[in-house]
J.: 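Questions regarding the structure given below will be posed in turn.
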Amino acid sequence: MLVSGVLFLVFVVAGFLVQVPYVAISPGPTYDTLGRDAAGNPVIQVKGQQTYGTSGELRMTTVSLNDGINLFTALGLWASGRYALAPREEYYKPGETNEQVKQENIQQLQNSQSNAQVAALRHLGYPVQVVAKQIVSGSPADHILAPGDKLIAVNGKQVREAAEVAASIANTKPGDSVQVTFQHLGQPERTVPVTLAQREDRTQGFLGLTAVDRAVAPFSVDISLQDVGGPSAGLMFTLAIIDRLTPPGKPGSDLAGGRHIAGTGEISETGQVGPIGGISFKVVGAKEAGATDFLVPEHNCAEAKSAAPEGLNLIKVSTLDDALKQLDNLKAGRPTAHC
């Protein structure tokens, strides 16, 4: 009995003190992108341009991740039925700290917000430029181009989207000379020859820059949302920007039409809606927040359908234009594309 008692005590102590290599995942909070953040600021802030009122909600969804849990906590969360346990290595790289993961998520959110602005303004008809975002130190582009330079043509090919920069040198080899036409801070256009370098992670020539799309508009759009990370809010940010900037009666105005609509999906600068993680938890969180309809990336449909609470209408989308069409159908009482 003494030995059994000691072993039981050791087990209890270990259960409380020893962390398990798992994380607990659950539905996270939701945020109305047409509403205000925790500080009372509008989530979508437009300066220098008139905005318009709207009705209903366009609610983005999140997933909560609990790390550093002990054995008993893990068992309790799992038994509750609301949480799922997953190996920690699926969410944290070896040796990566919570702070590093947080910073990565913040960067992903910032990229998502940038993509949302470009996709929304492109849809609204504003011109889009391709600009240099980062220049690799010591690369062929270094000391020739600078972050923010407008890229006009690379290797004799006009670039109208950021992806076309890489595509323009896809068939080159190290040592090739390519012409780069660019504009620096409103100065006259310049065309300069650049000799491509070699890099171990590729066979084609290496230029040494990353490019992004930037919408050109006489106003600024800021997205205010704290303590949220990751790329999956892109679609809902994009829809909210379009809603705020579209006059009443025009296509794209009052997108929710008084309904409580939630959704998720990564957005590209050209309006492609990509799949995300945690959809099975996000549909639950959306329903609990009062949503009646949920915009689902096409590739997440099967998982969403298997986990969706009763009464939540799942709407399949694959592009921004597709999402706008489905919302218009919903508002008009027409059938929507279901998962």
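Since the structure is predicted, the reported quantities are computational estimates derived from the model, not experimental observations.
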J.: Taking atom types as modelled, is there a side-chain donor on Thr246 or Ser253 under 3.5 Å from an acceptor on the other?
T.: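 No, Ser253 and Thr246 have no side-chain donor paired with an acceptor closer than 3.5 Å.
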J.: With the 4.5 Å side-chain cut-off for hydrophobic clustering, are Ile135 and Leu196 part of the same group?
T.: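 Yes, same cluster.
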J.: Out of Thr264, Thr61, Leu330, Leu235, which one pairs with Leu295 under the side-chain contact (heavy atoms from CB on, under 4.5 Å) rule?
T.: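 Considering Thr264, Thr61, Leu330, Leu235, a side-chain contact (heavy atoms from CB on, under 4.5 Å) with Leu295 is found only for Leu235.
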J.: Looking at Asp322, Thr336, Val296, which hits side-chain contact (heavy atoms from CB on, under 4.5 Å) with Ile315?
T.: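 So, applying the side-chain contact (heavy atoms from CB on, under 4.5 Å) to Ile315 and each of Asp322, Thr336, Val296, only Thr336 qualifies.
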J.: What distance do Lys316 atom NZ and Glu298 atom CD have between them, rounded to the nearest 0.5 Å?
T.: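 Between Lys316 NZ and Glu298 CD, I get 5.0 Å after rounding to 0.5 Å.
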J.: Say you draw a straight line from CG of Leu145 to NZ of Lys150; how long is it, rounded to the nearest 0.5 Å?
T.: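 If I round to the nearest 0.5 Å, the distance is 14.0 Å.
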J.: Return the CD1 to CD1 distance between Ile267 and Ile276, rounded to the nearest 0.5 Å.
T.: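 So the CD1 of Ile267 and the CD1 of Ile276 are separated by 13.0 Å.
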J.: Counting only heavy atoms from other residues, nucleotides and ligands, does the tally under 6.0 Å from NZ of Lys331 exceed 12?
T.: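 Enclosed: over 12 neighbouring heavy atoms sit under 6.0 Å from NZ of Lys331.
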J.: Can you get from Leu255 to Tyr31 by hopping between Ile, Leu, Val, Met, Phe, Trp and Tyr side chains that sit under 4.5 Å apart?
T.: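 Linked, Leu255 and Tyr31 end up in one cluster.
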J.: Examine Ile169 and Val165 and state if one hydrophobic cluster contains both, with Ile, Leu, Val, Met, Phe, Trp and Tyr joined whenever side-chain heavy atoms are less than 4.5 Å apart.
T.: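 Yes, because Ile169 and Val165 connect within a single hydrophobic cluster, where side-chain heavy atoms sit under 4.5 Å apart.
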J.: Say whether, by atom type as modelled, one donor and one acceptor occur between the side chain of Ser114 and the main chain of Asn111 under 3.5 angstrom.
T.: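 No; judged by distance alone, with no hydrogens or angles, the pair does not exist.
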J.: Is the shortest distance from a Lys or Arg side-chain nitrogen in Asp328 or Arg334 to a carboxylate oxygen in the other one below 4.0 Å?
T.: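 Judged by the 4.0 Å cut-off on N to carboxylate O distance, Asp328 and Arg334 do form a salt bridge.
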J.: Assigning hydrophobic clusters by single linkage (Ile, Leu, Val, Met, Phe, Trp, Tyr; side-chain heavy-atom cutoff under 4.5 Å), is Leu124 placed with Ile223?
T.: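 Linked, Leu124 and Ile223 end up in one cluster.
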J.: Between Gln117 and Val221, is there a donor-acceptor pair closer than 3.5 Å when you use the side chain of the first and the backbone of the second?
T.: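 Confirmed, Gln117 side chain pairs with Val221 backbone.
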J.: Please report the C-alpha distance between Asn313 and Thr292 in whole Å, then the side-chain angles of each, then the deciding distance to 0.1 Å, and finally whether the side-chain contact (heavy atoms from CB on, under 4.5 Å) criterion is met.
T.: CA-CA 6 Å; Asn313 177 35; Thr292 55; over 6 Å; no
J.: State, without any angle test, whether Ser224 and Asp37 hold a side-chain donor-acceptor pair at a distance under 3.5 Å.
T.: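 Looking only at side-chain atoms, Asp37 and Ser224 do form a donor-acceptor pair, the distance falling under 3.5 Å.
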J.: With distance as the sole criterion, is a donor-acceptor pair present between the side chains of Asn155 and Ser168 under 3.5 Å?
T.: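 Asn155 vs Ser168: no donor-acceptor pair found between side chains.
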J.: Please check this pair: side chain of Gln183 against backbone of Glu189, looking for a donor-acceptor N/O pair closer than 3.5 Å.
T.: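 Here the side-chain-to-backbone pair does not exist.
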J.: Within a 6.0 Å radius of atom CD on Gln198, are there more than 12 heavy atoms belonging to other residues, nucleotides or ligands?
T.: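 No, not enclosed.
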J.: Quick one: which of Gln187, Lys133, His184, Arg190 gives a side-chain hydrogen bond (donor to acceptor under 3.5 Å, both in side chains) with Asp149?
T.: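 It is His184, the one option of Gln187, Lys133, His184, Arg190 that forms the side-chain hydrogen bond (donor to acceptor under 3.5 Å, both in side chains) with Asp149.
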J.: Give the minimum heavy-atom separation between Lys157 and Ala167, together with the two atoms involved.
T.: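 Scanning both residues completely, I find the closest heavy atoms to be NZ-O, 4.4 Å.
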J.: Out of curiosity, Ile261 CD1 to Met236 CE, how far, rounded to the nearest 0.5 Å?
T.: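 Answer for the CD1-CE pair, Ile261 versus Met236, is 7.5 Å.
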J.: Would you say the side chains of Thr51 and Arg244 form a donor-acceptor pair under 3.5 Å?
T.: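 Per modelled atom types, Thr51 and Arg244 side chains form no pair under 3.5 Å.
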J.: Measure the spacing between CD1 of Ile242 and CG of Leu324 and express it to the nearest 0.5 Å.
T.: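 Ile242 CD1 to Leu324 CG: 5.0 Å, rounded to 0.5 Å.
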J.: Less than 6.0 Å separating the ring centroids of Phe219 and Tyr126?
T.: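 Close enough - the centres of the two rings lie under 6.0 Å apart.
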J.: Determine, using the 4.5 Å side-chain heavy-atom cutoff (strictly less than), whether Val46 and Phe237 are members of one ILVMFWY cluster.
T.: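 Same cluster.
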J.: How far does CG of Leu245 sit from NE2 of His123, to the nearest 0.5 angstrom?
T.: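 Result: 11.0 Å between the selected atoms.
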J.: Within the distance-only criterion (no hydrogens, no angle test), does the side chain of Thr172 pair as donor or acceptor with the backbone N or O of Asp176 below 3.5 angstrom?
T.: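 Checked: no pair found.
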J.: Ignoring hydrogens and angles, state whether a donor on the side chain of Lys282 or Ser232 is under 3.5 Å from an acceptor on the partner side chain.
T.: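 On atom types as modelled, these side chains qualify, holding a pair under 3.5 Å.
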